[in-house]
**Q** 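Take a look at the following structure, please.
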Amino acid sequence: MRLYNTLTRQIDEIKPLKPPQITVYTCGPTVYDFAHIGHWFNYIRMDTLIRALKASGLQSKWVMNITDVGHLTSDADDGEDKLEKGAKREGKTAWEVAEFYTLDFLNGMKQLNMLEPDHIVKATDHIPEQLELIKKLGKKGFTYIIDDGVYYDTNKFEGYAAFAQLDLEGQEAGARVAINAQKHNPADFALWKFSPKGRQRDMQWDSPWGKGFPGWHIECSAMSMKYLGETLDIHTGGIDHVPVHHTNEIAQSEAATGKRFANYWMHGNHVMVNDKKISKSLGNGIRLQEIVKKGISPGAVRLHVLESHYRSQSKFSWESLEASHNTLKNFYAWTDLQFQSLSSEKLTADYTEALRAFKDDVLDDLKTPAALAIFNGMINRVEEFGADSAAVSKAIPIIEDLFGIGLSGRQDITEPQKNLIVQRKKARANGDWAKSDELRDQLTQEGIGLRDTPQGAIWVRL
RNA sequence: GGCGCCUUGGCGGAGUAGUUACGCAGCGGUCUGCAAAACCGCGUACACGGGUGCAAAUCCCGUAGGUGCCUCCA
């Protein structure tokens, strides 16, 4: 298994700390609003990573977090908490908002046939762990306290900017204005924020420094270490996390433990809708529900995601989603050959080589577009091979385990339907075209189409 | 303003020097009793201008357009 590693800026061979186990932490959603197509692209890619790791023979231990507190509307630590803001918007408490959108997200994961993480962990369930970590950082001299919270002193951490290759001085020379004069350094970030004086927050906890709530970054460090140890194998997230969130996670984690936090960092690039990034102001964040409403299956969404490489800036459009939908129908037609063995002089299909190449591509930095081209090649050889149910049956799980696009679990046609096909064959042999067409029409009405090949009739679901 | 990235046929999307990527859509044809989501073929695809090379979509420089981060973002 090879993967591009943001840490080394090259494609690395994945070597887990304790094979065959491999630990993976994925930065999950902040549950203050519905997930949109961009989120799903990202999580489907992470899901594909886990599938690839399993296919390479490793046993993954996968943790995904749910950010349900502390994610501010500004990384400068002066914005509102997104959950509290969502609560205000909807006339609910922050707790209710978090629960609602968490359920919506988990439901979407199921619809999209994503593997279940071994642990889905919420920030609010791990306040003590976060406090412990902050205390540890305090003892080591990495923190300072100002009016609105406990902060991490990025100057104390050597190589703070290295991971994201940040040019901190260049950034400061830009339009950025120092927001909080008390901060020692513009890059410093809050570990613990105090509740505003005279205002009751929905979510707040006691701490040694005062009542408040955790900063956004500390949760991932605390939960990752709790479930996966001080050093984990692969940490994943959206590409936007590189300069701030993941940079800060590394700073606080490695400062606390003195150890490498994660050996591999995988980042999914963003998706553009109509060549624009997805943003609230443009209102172009398409939801899964809208897609399903148009009669497009979640499997087609998955396929659309797999059609581009995770590190490229992909595009989403209804037109291309429609194309994926059509492609998927062709895949299913091939899959249904598992129920239809037709005698062919040219004997058996041999997908052994193709399947090996398919898997190799996916395990090589998740080159899913290349793997798809190989799969298409397999499908296009039906004429050559005839329909070989055994070969198809054998190939399906290998492809499905990696792609999860719904190739498994399909149903055979019914006995009466099979009988209609047999009767039609007889009618055709007798040259009774009227009867033959009538039977074909009947099957069409039941959603079954027919293709007459030299080996006999092949049915496809319409 | 600082630091990056991208530009491939109608659409999507691979491909880092010499071979048809591939898919969807379109057009033409074949097979067929008629059909077909089946088969075959077609559209002279690589933003533009220079440069290096026997050879460039693929390397270098420039131009144009787009876009990302530095502010929230998956």
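FYI, side chains are in, hydrogens and waters are out, and symmetry mates aren't considered; it's all heavy atoms of this structure. Below, chain A is the first sequence line, B the second, and so on; all start at residue 1.
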**Q** Provide the distance between the two P atoms, one in rC48(B) and one in rG41(B), to the nearest whole Å.
**A** 29 Å
**Q** Would you check if there is a donor-acceptor pair between the side chains of Asp365(A) and Tyr310(A) at a distance under 3.5 Å?
**A** yes
**Q** Send over the distance from Tyr310(A) OH to rG12(B) C1', rounded to a whole Å.
**A** 21 Å
**Q** Would you mind reporting whether Arg302(A) and Asp47(A) have side-chain heavy atoms less than 4.5 Å apart?
**A** yes
**Q** Can you check the Ile239(A) CD1 to rC70(B) C1' distance for me, whole Å?
**A** 14 Å
**Q** Taking rC42(B) as the reference, what is the distance to rC6(B) when you measure between their P atoms (whole Å, please)?
**A** 32 Å
**Q** Pick base, sugar-phosphate or nothing for Asn326(A), based on heavy-atom distances below 4.0 Å to the nucleic acid.
**A** sugar-phosphate
**Q** Has the side chain of Asn330(A) got a donor or acceptor that lies under 3.5 Å from a partner of the other kind on the base of rG23(B)?
**A** no
**Q** Name the nucleic acid region contacted by Gln313(A), choosing base, sugar-phosphate or nothing; use a 4.0 angstrom heavy-atom cut-off, strictly under.
**A** sugar-phosphate
**Q** When the distance from CG of Leu306(A) to P of rA14(B) is rounded to whole Å, what number comes out?
**A** 12 Å
**Q** Which is more 5' along RNA chain B, the nucleotide nearest Ile374(A) or the one nearest Tyr32(A)? Just name the residue.
**A** Ile374(A)
**Q** Quick one about Glu249(A) and Ser221(A) (side-chain donor to acceptor, distance below 3.5 Å, no hydrogens or angles considered), yes or no?
**A** no
**Q** Can you tell me, in whole Å, how much space there is between the P of rG43(B) and that of rA21(B)?
**A** 12 Å
**Q** Verify the distance criterion only: is there a donor paired with an acceptor across the side chains of His267(A) and His246(A) at less than 3.5 Å?
**A** yes
**Q** What does Val242(A) touch in the nucleic acid at a heavy-atom separation under 4.0 angstrom: a base, only the sugar-phosphate, or nothing?
**A** nothing
**Q** Remember a base hit wins even if backbone is also touched, and classify Ser314(A) as base, sugar-phosphate or nothing at under 4.0 Å, heavy atoms.
**A** sugar-phosphate
**Q** Cation-pi check for Tyr332(A) against Arg461(A): NZ or CZ below 6.0 Å from the six-membered ring centre and within 45 degrees of the axis, yes or no?
**A** no
**Q** What is the nucleic acid contact for Gly268(A), judged by heavy atoms within less than 4.0 Å: base, sugar-phosphate only, or nothing?
**A** nothing
**Q** Please report the distance, rounded to the nearest Å, between CG in Leu366(A) and P in rG13(B).
**A** 17 Å
**Q** Do Lys61(A)'s NZ or CZ and the ring of Tyr227(A) fall within the cation-pi criteria of under 6.0 Å and 45°?
**A** no
**Q** For Arg9(A), report the nucleic acid contact type (base, sugar-phosphate, nothing); a contact means any heavy atom under 4.0 Å.
**A** nothing
**Q** When you compare rC24(B) with rC61(B), how far apart are their P atoms, in angstrom units rounded to a whole number?
**A** 39 Å
**Q** Are OP1 or OP2 of rC6(B) and a side-chain N or O of Ser312(A) less than 4.0 angstrom apart?
**A** no
**Q** Which nucleotide in the list rA37(B), rA74(B), rG68(B) gets nearest to the side chain of Leu462(A)?
**A** rA37(B)
**Q** Just how far, in rounded Å, is P of rU67(B) from CZ of Phe316(A)?
**A** 19 Å
**Q** When you compare the side chains of Arg45(A) and Ser308(A), does any donor N or O come within less than 3.5 Å of an acceptor on the partner?
**A** yes
**Q** Defining pairs by Watson-Crick or G-U wobble geometry with both distances under 3.5 Å, how would you list the stems of RNA chain B with at least three pairs each?
**A** B:1-7 with B:64-70, B:10-12 with B:22-24, B:26-30 with B:38-42, B:47-51 with B:59-63
**Q** CD of Glu319(A) versus P of rG13(B): gap in Å, rounded?
**A** 11 Å
**Q** When we call it a touch if two heavy atoms are under 4.0 Å apart, what does His267(A) touch: a base, just sugar-phosphate, or nothing?
**A** nothing
**Q** Can you check whether any acceptor in the base of rG13(B) is under 3.5 Å from a donor in the side chain of Ser320(A), or vice versa?
**A** no
**Q** Applying a 4.0 Å non-hydrogen cut-off, can you work out what His309(A) is touching in the nucleic acid: base, sugar-phosphate, or nothing?
**A** sugar-phosphate
**Q** Could I get the full list of salt bridge (charged side-chain N to carboxylate O under 4.0 Å, His left out) partners for Glu13(A), not counting sequence neighbours?
**A** none
**Q** Taking atom types as they are modelled, would you say the side chain of Arg440(A) forms a donor-acceptor pair with the base of rA35(B) within the 3.5 Å cutoff?
**A** yes
**Q** Measure from NZ or CZ of Arg201(A) to the centre of the six-membered ring of Phe213(A), then state whether that distance is under 6.0 Å and the direction lies within 45° of the axis.
**A** yes
**Q** For rG65(B) and rC59(B), measure between their C1' atoms and round to the nearest Å.
**A** 23 Å
**Q** How is Arg428(A) classified with respect to the nucleic acid when contacts are heavy atoms under 4.0 Å: base, sugar-phosphate, or nothing?
**A** base
**Q** Over how many whole Å does the gap from Phe358(A) atom CZ to rG23(B) atom P extend?
**A** 15 Å
**Q** Just to be sure I understand the rule, does Leu321(A) reach a base, reach only the sugar-phosphate, or reach nothing, if contact means heavy atoms closer than 4.0 Å?
**A** nothing
**Q** Verify the contact: side-chain N or O of Lys367(A) to OP1 or OP2 of rA14(B), cut-off strictly under 4.0 Å; return yes or no.
**A** no
**Q** rC34(B) and rA57(B): how far apart are their P atoms, nearest whole angstrom?
**A** 46 Å
**Q** Let me know the distance between CH2 of Trp318(A) and C1' of rG10(B), rounded to the nearest Å.
**A** 21 Å
